[in-house]
Structure formats: structure tokens, C-alpha cells
There are 2 protein chains.
Amino acid sequence: MAGLAHSPLEAAALIMDVVPLVMRRMRKEMRSRRMSGLSLPQFRTLIFLRRHEGASLSQVAAHVGVGLPSMSKIIESLVRRDLVTRVTSASDRRCVNLSLSNPGLATVEEARRETEARVAELLAELSHQQRAEVYGAMQALQAAFDGAEPLSKTPRGAAHANH
Amino acid sequence: MAGLAHSPLEAAALIMDVVPLVMRRMRKEMRSRRMSGLSLPQFRTLIFLRRHEGASLSQVAAHVGVGLPSMSKIIESLVRRDLVTRVTSASDRRCVNLSLSNPGLATVEEARRETEARVAELLAELSHQQRAEVYGAMQALQAAFDGAEPLSKTPRGAAHANH
DNA sequence: TATTGTTATACTCTATAACTATA
DNA sequence: TATAGTTATAGAGTATAACAATA
């Protein structure tokens, strides 16, 4: 399979073709299963909050990879739907403490289970070796695409706190 | 590397984490290089039109993976910016024939070159073997995630014109 | 003054439904 | 009637800039 000499440019071209495709596919799966009407960013936000009770808006935004205004809006919609609680921090009243509500927890667990199952179903068509390849590739991409400036400097050895 | 036994579910979980990250990264690279202000779908539309002069709206929409209304708007904005020409088909006046204008061609080639270079730069940090793994994984994902219904049926033998 | 959020604007993307015009 | 596109509507994501509250 792989093995051949693929330049970074060739790989880049392929990624730019495939990643948006996978993205849309995941979105479509979520919508078609009417996952409580959760979008991907909302979904990822809930997932993060499940593991980081009381996180601040900035922390969530950084992890999900969006700006503060975007995350503020996302949280706003989740709070409105009673999936997330948002309270002002006692220690630093500029911050908010975000947590999953009980319905929020139930929702995220069901949605995650469902969506993962759909994606897994698609992956089940791959061979064991292909799946291992995908897994390894995702880890590599995660390391390469996480953080990191658009270019230039990057002392870049800098550890990538793995969330 | 890979080699270990990863279940489809584990791989799915990782994909759901990494793919959105890569996606945002590409968007960010494009924006930070002020790629003529092209969004990813617009970009992909131009790329497709470069190889498919005179394609119809439906054809482009199918390839890019969006609905007709979305593509209609995307084309609208590209026509407004003089990057795409849209003329009614002579043979079937319900259809439109879409093509790149000269500025459109110049734009897409520069944008593609630039963006690929940025992505390639990130990939350059990977080992040769990792890159080969990524390449193979992308091909596998392309096959698994292209077309294919959310589940079930799929008479779908229908060939996938490989772009 | 610096930091944390929020609000305001303005686009783009997406989806559904209703509509036009062709066929 | 069926198909190709368009328009209308509505919601979500993103980005920038301006702003409030707190530190």
C-alpha cells in the first residue's frame, strides 16, 4: 500500500480533497440521525466539558479551536437548551465556569455513541491494516496540525500538551 | 508504528477529534495568507471547474458535496467576483455551463499553490514513513467516506468518477 | 494596563421549502 | 410530470472590532 515516495505537496493536495469530504460526511451522519440537533462544534464542546468540569470559556475555545466570540455563541445556545450550565467564577469574577447539566451529559453520551458508531461503520469496510494506517495517520496529523503557527519561527520542538 | 489492534470505534473517536482540527487549520492557513478571501468550498469549487470546464451546477454541487441552493450561492459569489462565468446551456436551457474566467484561473492556481505549500510545510515535519501512512490513510478514507448512504441500502455500485 | 467575556457586524455555509423555466 | 436552478428563510460558524467588567 503506501510505501511509495509521496512528497509533502502530494500529500497536502490529497488531504485538501479528503478532509473536507470526511468532515461533511460526519456532519451529515449527525444530522441524519437527528443527534439532538447538535452541530460538530457544539458536540465537541460538550465532549470537552464532560472531561473538564468547570472549564472557562477560553479553555474550551482553545481546545475546540475557535475564537472567543464563536465559543461564546456556542455556549449561549447550549445554555439556552439546558445542556450546559454557566456560572461566574467565585475566585475570578471575569471568568465563567462551564459544566454539563444532567440532560447535557445524557445527550453527549448518546450522541457520541451514535456518531461514533456511524463513523465506525464506515471504517469497518476497511481492512485491519488500513484502519491501523488511518489511526497512525490521525495521530501524526494531530501532532502536526495542533497549535503550531501558520509558519516561520516555531521553536516547534515545544511539547504538544496532548489536551 | 500503527500495527496495534485498533477497533473501528477507537479510530472513529480519533477521527472525530482530528479531522475538525485539520479542517480549521486549513481554513486558518488560507485566511492568514489572505487567499483572495476564498473559503474552502469556494476554493474546491474553483479547483473542480479548472478540470471540468462547462460543468453544470448539479455536477459541481455533487462533487463538492453540498446541496443545490448552497452551490447556487457559492457560484453567485464567484460570478460576482468575476472568477467564474455562468451561461445558460444551449442544448438544455435549464442548465448552466460554468467555467473559470482568466482571473479565476490565475486565482485558483495561486491559491492552491500557496495553501498546498502551507499544508505541505506542516507535513514536512513528519517522517517519510508517517507521510506515506497519511497518504494511504487519506486514500482509504476517501473510498470509505465518498458517496455511500448514511447506512443500509446503497445500490450505489454507480461508479465514482474519480474527479 | 491586561485579561475575560460579551456584543455588534458582516459573511459564508447549510438545509428545507417554494418557486420558475424548461423539458 | 420531472428536472435544473433560483430564491426565501432560518440557523450555525467564523472573524474583527468595540465594549464591559474585573484584576
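Numbers restart at 1 for each chain; the letters A, B, ... are given by sequence-line order, proteins then strands.
- The list of salt bridge (Lys or Arg N to Asp or Glu O under 4.0 Å) pairs with a residue in residues 87-97 of chain A, not counting sequence neighbours, reads A/Asp92-A/Arg94.
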| remark: Counting primed atoms, P, OP1 and OP2 as sugar-phosphate and everything else as base, the B/S/- map of nucleotides 13-23 of chain C against protein heavy atoms under 4.0 Å is BB-BB---BBS
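- Taking atom CD1 on A/Ile75 and atom P on D/dG13, their separation rounds to 11 Å, with Å as the unit.
- Ring planes of B/Phe48 and B/His63: parallel class, angle under 30° (limits at 30 and 60°).
- The distance between atom CZ of A/Phe43 and atom P of D/dA12, rounded to the nearest whole Å, is 17 Å.
- For B/Leu38 and D/dA15, the CG to P distance is 16 Å, given to the nearest whole Å.
- Looking at heavy-atom distances under 4.0 Å, B/Leu57 makes contact with sugar-phosphate atoms alone, never a base.
- Looking at A/Gln59 and A/His52, their side chains never come closer than 4.5 Å, going by heavy atoms from C-beta outward.
- Comparing the local axis fitted to the first five base pairs of the helix from C/dG5-D/dC19 to C/dA23-D/dT1 with the one fitted to its last five gives a bend of 10°, rounded to 10°.
- Computed from coordinates, the A/Leu68 CG to C/dA8 P distance equals 17 Å when rounded to whole Å.
- Residues A/Asp17 and B/Arg44 come closest through the heavy atom pair O-NH1, 3.2 Å.
- Residue B/Ser58 places at least one side-chain N or O under 4.0 Å from the OP1 or OP2 atom of D/dG5.
- Side-chain contact between B/Tyr135 and A/Ile15 is absent, with no heavy atoms from C-beta onward closer than 4.5 Å.
- In this model, the phosphate group of D/dA4 is not approached by any side-chain N or O of B/Arg86 to a distance below 4.0 Å at OP1 or OP2.
- Between B/Glu109 and B/Arg50, the closest side-chain pair of non-hydrogen atoms falls below 4.5 Å.
- Rounding to whole angstrom units, CG of residue A/Leu83 and C1' of D/dA12 are separated by 15 Å.
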